[in-house]
Amino acid sequence: MSDFEMAKRDAADAAANSDQLAQIVALLQAQQLTQQQTPAPAPTVPPSNGSTAKWVAIGLGVGVGAPVFLIAFAMAAIATAITAVGLTICILVLRAMWQDIKSK
């Protein structure tokens with residue numbers, strides 16, 4: 001490879017490097033400009049009046065706690081069903097025992 005070809009390749013590499021350097025400088029300047037801008041004021045939230053609708057929405061599971069509320073409700077329903085079945089069996093057994101004792 002001749003000196004001329006090596007110099008030509010080095011010049012092309014230098015040009016590519018200077019283009020990349022110019023892009024990096026432009027990117028850094030853009031970042032500095034965006035960081036210097038003041039952020040927009042946050043929207044104000046009206047004060048809560050403690051309305052019933054808010055608590056109904058929370059109770060119905062609207063929002064973040066919906067899955068937790070639904071699981072808790074399902075577990076309470078299952079516990080109630082198990083209690084009802086157990087109580088029914090207990091009453092039937094006691095009734096049968098009472099009839100046996102009464103018939104003797």
message = Rounded to the nearest 0.5 Å, what separates atom CG in Leu87 from atom CG in Leu92?
response = 9.5 Å

ask   = Roughly how far, to the nearest 0.5 Å, is CZ of Arg95 from NZ of Lys102?
value = 10.5 Å

ask   = Between Met97 and Ile89, is there a shared hydrophobic cluster once you connect ILVMFWY residues whose side-chain heavy atoms come closer than 4.5 Å?
value = yes

Exercise answer: donor-acceptor pairs, residues 68-84 side-chain atoms, under 3.5 Å, sequence neighbours excluded:
from: Thr80; atom 1: OG1; to: Ala76; atom 2: O; distance (Å): 2.8
from: Thr83; atom 1: OG1; to: Ala79; atom 2: O; distance (Å): 2.8

